[in-house]
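Throughout, residue positions are numbered sequentially from 1 according to the sequence presented. When reading the values below, keep in mind they use all heavy atoms of this one structure, side chains included, and skip hydrogens, waters and symmetry mates.
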Amino acid sequence: MTYRGFFPAILFGLSTILVIALSFSLVVSIVLSFTSLTEHSVQWLITGVAFVTMFLGGTISGAKAKEKGWIAGACTALLFSLLTFFIQYLGYNNTFTSEQYMYHAGYILAAAIGGIIGVNLSSNK
């Protein structure tokens, strides 16, 4: 595989994050609609899947970038966080809470670690 650039790798990782997140959100909303479960009862599952999704997105962006994986992963999660912030601020007129800042910092860290692993998985040594 040839090197295609840094920004397309970040966009590929971001699109992976969005596809997984939207698919999981659909499944959780269907489960919540047809069962007696509440959002509070599946909060830890949602948080865990969010971190795994960020890790996978970072891994994919690092593998596509083939170098500087931690930057590729962190930029992928940062772009996701900015997208989330803009939707929340422009759509709902709310800013991030301190708890959300901590979650998004964790997302960036998880994606950066995933990017490091993605570069090492893609190398042909």
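When all heavy atoms are compared, the tightest approach of Val119 to Glu67 is CG2-N, 3.9 Å. Among all heavy-atom pairs drawn from Ser61 and Ile10, the shortest one is CB-CA, 4.2 Å.
Atoms NZ and CD1, on Lys68 and Ile116 in that order, are 14.0 Å from each other to the nearest 0.5 Å. Atom CG of Leu90 and atom CD1 of Ile87 lie 9.0 Å apart (nearest 0.5 Å). To the nearest 0.5 Å, atom CD1 of residue Ile46 and atom OG of residue Ser41 are 8.5 Å apart.
Scored by the side-chain contact (heavy atoms from CB on, under 4.5 Å) test, Leu14 finds Leu18, Thr76, Leu79, Phe80 as partners (sequence neighbours excluded). Contacts of Ala9 classified as side-chain contact (heavy atoms from CB on, under 4.5 Å), with partners at least two apart in sequence or in another chain: Lys64, Ala65. Not a single side-chain hydrogen bond (donor to acceptor under 3.5 Å, both in side chains) links Thr16 to another residue, sequence neighbours left out. Checked against side-chain contact (heavy atoms from CB on, under 4.5 Å), Phe85 has the following partners two or more places apart in sequence or in another chain: Tyr89, Thr95, Phe96. In this view, Leu26 and Ser29, Ile30 satisfy the side-chain contact (heavy atoms from CB on, under 4.5 Å) rule, not counting sequence neighbours.
Cluster partners of Val19: none. The rule joins Ile, Leu, Val, Met, Phe, Trp and Tyr whenever side-chain heavy atoms lie under 4.5 Å apart, and it links nothing here. Alongside Phe12, the hydrophobic cluster contains Ile60 (criterion: ILVMFWY side chains under 4.5 Å).
The stretch residues 110-119 participates, sequence neighbours left out, in no side-chain hydrogen bond (donor to acceptor under 3.5 Å, both in side chains) pair at all. Each side-chain hydrogen bond (donor to acceptor under 3.5 Å, both in side chains) pair with one or both residues in residues 101-111, not counting sequence neighbours, appears once here: Ser81-His104. Residue pairs that meet the ring pair (Phe, Tyr, Trp, His ring centres under 6.0 Å) test with at least one member in residues 21-43, sequence neighbours left out, do not exist here.
Note on Val27 and Phe51: separate hydrophobic clusters, where clusters join Ile, Leu, Val, Met, Phe, Trp and Tyr whose side-chain heavy atoms are under 4.5 Å apart, directly or indirectly. In the hydrophobic cluster analysis, where Ile, Leu, Val, Met, Phe, Trp and Tyr join through side-chain heavy atoms closer than 4.5 angstrom, Met102 is grouped apart from Ile108. Cluster annotation: Leu78 and Phe6 are assigned to distinct hydrophobic clusters (Ile/Leu/Val/Met/Phe/Trp/Tyr, side-chain heavy-atom contacts under 4.5 Å, transitive).
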May I have the list of side-chain donor-acceptor pairs in residues 52-59 shorter than 3.5 Å, sequence neighbours left out?
| from | atom 1 | to | atom 2 | distance (Å) |
| --- | --- | --- | --- | --- |
| Thr53 | OG1 | Val49 | O | 2.7 |
| Thr59 | OG1 | Phe55 | O | 2.8 |
| Thr59 | OG1 | Gly114 | O | 3.2 |

